[in-house]
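Following: one structure in structure tokens, then a few remarks.
Because the structure is predicted, anything quoted here is derived from the model rather than measured.
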Amino acid sequence: MRPGSLVELWRVFQACVAAGRIVILQAANTGLTGGSTPDGDGYDRPVVLINTLRIAAIHPIRDGRQVVCLAGATLDRLERTLLPFGREPHSVIGSSCIGASVVGGVCNNSGGSLIQRGPAYTEQALFAHVDFDGVPRLVNNLGISLGDDPEAILRQVEAGAFHPQDIDDDAGLASDADYARRVREIDADTPARHNGDPDRLFEASGSAGKAVVFAVRLDTFAREAGSAVFYIGTNDPSDLTRLRREMLADFGQLPIAAEYLHRDCYDLARRYGKDTFLAIRALGTRRIGALFALKAAFDSVVEDIGVLPRFLSDRILQLASGLFPEHLPRRMNAFRDRFEHHLILKMGGAGVEQARAWFSTRWRSEHADVFECTADEGAKAFLHRFAAAGAAVRYRAVHALTVEDIVALDIALRRNDRDWVETLSPDIASALIHRLYYGHFFCHVFHQDYIVAKGHDPVALEHRMLEGLDRRRAAYPAEHNVGHLYPAAPAQIDHFKRLDPCNCLNPGIGGTSRRAGWRCEVVSPEVTQSG
């Protein structure tokens, strides 16, 4: 179902519940763990998939300091809406997936690269759930007076038909206001953020599809002026550990972003992320979503024909990208040749001069170096880091004969963990073609993509990797949510059951029961023990 208004969404939801159907909500479906799609055939009731992308309105309030975003509003659209106000959303393109929805980020407590803003979080939402008596109920916790009639409330929200005097400024948090303090606690023995954090589970936030979210109210953030990007390279990981700890502990202003790339990831992204890089540079983020939609439509036609090779669009794009000249700055490529570990550090405001002073006095190492980027170099550095996220998928498509699959993990290390470089046992390493490490370094959140060689079992390898993460006391997943790949933590399961006691919405998420009323069932052995 693809409802075109909030009222239609409410009516569809009511009809599905009355008919005893399971409901799975979906927006842009950019998630990596399958949390917004049906998973297999083990459901005890028919499933209705509802897509919300047609319901995409955004209403700035309080002079753009906050926004009310409807169910299908996307991050790129929110960025454009906030430009005239000089404001930004919690996440911007480059710290999130192209086309990703705002509500999806809140429901999955997604993170991102922007250090000062933490995971997506709000206590102000308009949502529906099915109560113990099996009746759908609309809950208005937006902090906006809209009356009591559900359909009237939904119409007003969709139209933005409310006035400043209707808005309560003390209705709860609309962002994770405490994150800046938490990320600075460099000696804490727990992660700064992860999906199972019980302190970040509140109604729509972290709901993972266990509620029908019609709208969320969120804080926005002033666009940083006078920023600078520093490109850092080293062959000693302890250099970056010292940098992280000293800047988090001593700097008056937190960095805007600090993105890590291992040299192997740099190389693969340079070749297999080149077309993504060039497309965004040429077309901008506004048009890139349409380009991906066109690619998906082409792939669908090719699949229906059945005689053309798989991943044909990826092969064509990969060949085409090779026709273009080198796209990365000369100084970045020189650092690639000299250094194994790369960090892209963005500072703003007073932090710029503090960083310059720190590098001139504290960054003394025979195996490390730094340069301050020009505006063009800085933009290209972050775009290259963004393109790295899809490099493994492109590699798999182009080398399907030698690749079994990809194991993709996102993990949160403890804030006091100094040993952040992973060491794999020789038997695991020998089953891998490439290991790609990249992530949000100051938050200690890492993305780790493993390209598995043909003939090896990716699921078995993943289980062994997760056992290693358990020994390191890492938390996972860090920001992609549990989906159908990871078991939910106890706090998440409690949250799901409070929101959806009848188990009508997205049952089975996080390895939980798929049956009505949460009746017991055997959990799939593919779901492993979570950290």
Worksheet item: Residues in side-chain contact (heavy atoms from CB on, under 4.5 Å) with Arg181, at least two apart?
Response: Asp178, Glu185
Worksheet entry | Distance-minimising heavy-atom pair for Ala228 and Glu372 | CB-OE2, 3.6 Å
Discussion item. Within 45 degrees of the ring normal and closer than 6.0 Å to the centroid, is that where the cationic atom of Arg394 sits relative to Tyr272?
Written reply: no
Worksheet item: Residues two or more places apart in sequence or in another chain: which of them pass side-chain hydrogen bond (donor to acceptor under 3.5 Å, both in side chains) with Thr402?
Response: none
Item to complete: Can you spot which of Phe339, Tyr266, Phe371 makes a ring pair (Phe, Tyr, Trp, His ring centres under 6.0 Å) with Tyr231?
Response: Phe371
Fill in: Proximity of Tyr260 and Tyr437 rings by center, below 6.0 Å
no
Worksheet item: Which of parallel (below 30°), tilted (30 to 60°) and perpendicular (above 60°) describes His444 and Phe446?
Response: tilted
Worksheet item: Does His434 have its ring centroid less than 6.0 Å away from the ring centroid of Tyr395?
Response: yes
Practice prompt. Evaluate side-chain hydrogen bond (donor to acceptor under 3.5 Å, both in side chains) for Glu259 paired with His342, printing each intermediate quantity in order.
Written response: CA-CA 8 Å; Glu259 291 297 288; His342 296 232; over 6 Å; no
Discussion item. Ring centroids only, cut at 6.0 angstrom: are Tyr438 and His384 within range, meaning strictly under it?
Written reply: no
Practice prompt. Please determine if Arg338 forms a cation-pi arrangement with Phe335, meaning its NZ or CZ atom is less than 6.0 Å from the six-membered ring centre and no more than 45° off the ring axis.
Written response: yes
Worksheet entry | For Asp176, the option from Arg117, Arg193, His90, Arg200 that meets side-chain hydrogen bond (donor to acceptor under 3.5 Å, both in side chains) | Arg200
Discussion item. Can you tell me how far apart CZ (Arg65) and CZ (Phe221) are? Round to the nearest 0.5 Å.
Written reply: 13.5 Å
Worksheet entry | Counterpart residues, side-chain hydrogen bond (donor to acceptor under 3.5 Å, both in side chains), relative to Asp187 (two or more places apart) | Arg245
Discussion item. Holding to side-chain hydrogen bond (donor to acceptor under 3.5 Å, both in side chains), I want the full list of residues that pass it with Tyr450, two or more places apart in sequence or in another chain.
Written reply: Glu422, Gln448
Worksheet entry | Closest heavy-atom pair and its distance - His480, Asn195 | N-OD1, 3.3 Å
Worksheet item: Can you tell me how far the CZ atom of Arg77 sits from the SG atom of Cys69, to the nearest 0.5 Å?
Response: 10.0 Å
Discussion item. Run His447 and Glu479 through side-chain hydrogen bond (donor to acceptor under 3.5 Å, both in side chains) and show every step you take.
Written reply: CA-CA 10 Å; His447 301 287; Glu479 57 186 17; 2.8 Å; yes
Worksheet item: Can we say Glu340 and Arg263 salt-bridge, meaning some charged N sits less than 4.0 Å from an Asp/Glu carboxylate O?
Response: no
Expected list for residues 344-355: side-chain donor-acceptor pairs under 3.5 angstrom, two or more places apart:
from, atom 1, to, atom 2, distance (Å)
Glu353, OE2, Arg356, NH1, 2.4
Gln354, OE1, Gly252, N, 3.3

Item to complete: State, yes or no, whether a side-chain contact exists between Ile451 and Leu268 at a heavy-atom distance under 4.5 Å.
Response: yes
Discussion item. Run the salt bridge (Lys or Arg N to Asp or Glu O under 4.0 Å) test on Asp405 and Arg396 for me, step by step, so that the C-alpha distance in whole Å, both residues' side-chain angles and the decisive distance to 0.1 Å come before the verdict.
Written reply: CA-CA 7 Å; Asp405 207 346; Arg396 176 180 61 186; 2.7 Å; yes
Practice prompt. Show your reasoning for whether side-chain hydrogen bond (donor to acceptor under 3.5 Å, both in side chains) applies to Asp76 and Thr74.
Written response: CA-CA 6 Å; Asp76 58 317; Thr74 57; 2.7 Å; yes
Item to complete: Mind checking the OG-NE2 spacing from Ser321 to His327? Nearest 0.5 Å is all I need.
Response: 8.5 Å
Worksheet item: Looking at residues at least two apart in the chain, or sitting in another chain, which of them share a salt bridge (Lys or Arg N to Asp or Glu O under 4.0 Å) with Glu404?
Response: none
Discussion item. Rounded at 0.5 Å granularity, tell me how far CG in Asp264 sits from CG in Asp449.
Written reply: 12.5 Å
Worksheet entry | Neighbour count >12 (heavy atoms, 6.0 Å) for atom CG, Asp419 | no
Worksheet item: What distance do Leu343 atom CG and Arg385 atom CZ have between them, rounded to the nearest 0.5 Å?
Response: 11.0 Å
Item to complete: Decide side-chain hydrogen bond (donor to acceptor under 3.5 Å, both in side chains) for Asp219 and Gln66; before the verdict, give the C-alpha distance in whole Å, the side-chain angles of both, and the deciding distance to 0.1 Å.
Response: CA-CA 4 Å; Asp219 290 332; Gln66 289 189 327; 2.9 Å; yes
Worksheet item: Which is it for Asp376 and Lys380 under the salt bridge (Lys or Arg N to Asp or Glu O under 4.0 Å) test, yes or no, and what are the steps along the way?
Response: CA-CA 6 Å; Asp376 186 61; Lys380 287 181 176 179; 3.3 Å; yes
